[in-house]
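The block underneath contains the structure these notes are about, expressed in structure tokens.
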Amino acid sequence: MPLSERQLAAFADKHAWQIPFDTSPRHLAGPGDARHITHGLAVAGWQRTSDPLSPEMVLTSPDHRYSLGFDPGAGMFAWWRLWAEPTDTEHGWYASFGELAPAEIISGLTDALVTSPSPAETAPLDVLDAAGWLIDAQGAASSPDGTCRVERRTEERDDSEWHVEVRDPDRGRFGPRLWEARFAARTPRPLVNAVVTALADPSPLQRGMHDRTAHYSVVQEPSPLTPKQVVEAHTARLDAIRAGR
């Protein structure tokens, strides 16, 4: 079913009573509202194909090629999984995101998928380099705070071409992993670019005072945006997806 007025109203009601706080860096902002993902897919015609009474959720594209699964029982490293079935002319691929991955980062991929981005000439590491991330001698990009790392993996045992990893800021690169994202080798480059662009965006994400974040060191300041403006930005994004389908 398409996104209903009742569902939009429920989103608005939640955020109308939640004072927004600018939260940065983005990769530590926490999961946020999953409807940033699901509403965008709904307006693009995706439907829930899983048991409505199950805590697991699967949304499927109108052509049945793509499926997005959400499984809160899958462990902290792969709550969200996107599959693309192979066709006669295109390879299959998958992407996954951990429990604490911000919904706005995941929706960078899903929004790009449903609006059919043009072919990307820029490599993901070039996108991050232009955003001020540090590119090391191994060809991996690190966020300015050093807690998020993006690299291309080509080990034979691992078919994940691009890998995003966020570690505990208190423990450095080899500390406990907070969340990760993985993209199979055949994931279209424009979709990987959409994710790293959303990841490297310096603008903060909006979170409520008591929303879960990925780490206590995240910086939160009262946002200049009103709750109404947060809802209006969500609605405007959905309108843009409808227009770009």
Side-chain angles (χ1 to χ4, degrees), residues 26-27 31-32 34-46 57-71 77-98 100-131 133 139-141 143 148-154 158-166 179-201 203 205 237-238 240-245:
R26 287 180 155 223
H27 50 271
R35 288 173 290 191
H36 283 289
I37 305 164
T38 58
H39 280 191
L41 294 178
V43 299
W46 290 44
M57 176 182 64
V58 177
L59 298 176
T60 303
S61 63
D63 63 1
H64 299 286
R65 185 188 177 199
Y66 302 101
S67 295
L68 177 73
F70 171 77
D71 182 1
F77 299 125
W79 276 38
W80 295 92
R81 299 173 187 265
L82 179 66
W83 296 273
E85 297 294 333
T87 70
D88 292 340
T89 58
E90 297 180 81
H91 294 281
W93 54 269
Y94 76 89
S96 65
F97 296 84
L100 294 176
E104 295 88 344
I105 304 300
I106 303 172
S107 66
L109 185 152
T110 54
D111 286 5
L113 178 64
V114 299
T115 54
S116 300
S118 57
E121 299 296 333
T122 305
L125 290 181
D126 292 335
V127 173
L128 295 171
D129 185 33
W133 286 39
S143 59
C148 183
R149 182 178 174 89
V150 178
E151 62 182 332
R152 183 176 182 177
R153 292 184 173 178
T154 56
D158 185 0
D159 70 348
S160 178
E161 180 178 356
W162 288 98
H163 183 249
V164 178
E165 189 171 70
V166 178
W179 66 268
E180 69 174 350
R182 301 163 69 88
F183 306 90
R186 301 293 186 175
T187 305
R189 180 184 286 185
L191 301 183
V192 178
N193 279 356
V195 172
V196 298
T197 297
L199 191 62
D201 188 338
S203 61
L205 299 177
R237 184 179 132 254
L238 298 182
I241 292 173
R242 288 190 185 96
R245 286 180 57 188

A34 and A103: which non-hydrogen atoms are nearest, and at how many Å? CA-CB, 4.3 Å
R237 meets the side chain to side chain donor-acceptor pair (under 3.5 Å) criterion, sequence neighbours left out, with D111
For a 4.5 angstrom cut-off between non-hydrogen side-chain atoms, does C148 reach L199? yes
Value rounded to 0.5 Å, distance of CZ in R149 from NE2 in H163: 10.5 Å
Might you point out which heavy atoms bring T122 and N193 nearest each other, and give the distance in Å? O-ND2, 2.8 Å
Reported CG-to-CG distance for the pair L59 and L68, which is rounded to 0.5 angstrom: 6.0 Å
Under the side chain to side chain donor-acceptor pair (under 3.5 Å) rule, collect the residues that match up with T60, sequence neighbours excluded. T49
Between A194 and G108 the two heavy atoms that sit nearest each other are CB-O, 3.3 Å
What one should report as the nearest heavy-atom pair of S107 and T110 is CA-OG1, 3.1 Å
dist E151:CD -> W162:CH2 (nearest 0.5 Å) comes out at 9.5 Å
Which heavy atom in W179 sits nearest to a heavy atom in P102, and how many Å separate them? CZ2-CD, 3.8 Å
Start with the C-alpha gap between L113 and W46, add the side-chain angles, then the distance that decides, and say whether side chain to side chain contact (heavy atoms under 4.5 Å, CB included) holds. CA-CA 12 Å; L113 178 64; W46 290 44; 3.9 Å; yes
Holding to salt bridge (Lys or Arg N to Asp or Glu O under 4.0 Å), I want the full list of residues that pass it with D201, two or more places apart in sequence or in another chain. R26
Taken in chain and number order and not counting sequence neighbours, the residues that satisfy ring pair (Phe, Tyr, Trp, His ring centres under 6.0 Å) with F70 are W79, W80
Does a salt bridge link E85 with R65, judged by any charged N lying under 4.0 Å from a carboxylate O? no
Do F183 and V164 make a side-chain contact, defined as non-hydrogen atoms from C-beta onward lying under 4.5 Å apart? yes
Between the CG atom in L41 and the NE2 atom in H39, the distance rounded to the nearest 0.5 Å is 10.5 Å
Got a second to check how far I106's CD1 is from L82's CG, nearest 0.5 Å? 10.5 Å
Listed by chain and number, what are the salt bridge (Lys or Arg N to Asp or Glu O under 4.0 Å) partners of R81, not counting sequence neighbours? none
Only counting residues at least two apart or in another chain, list the ones meeting side chain to side chain donor-acceptor pair (under 3.5 Å) with H27. D145, T147
Would you name the heavy atoms of G69 and W83 that are closest together and state the gap between them? N-CZ3, 3.8 Å
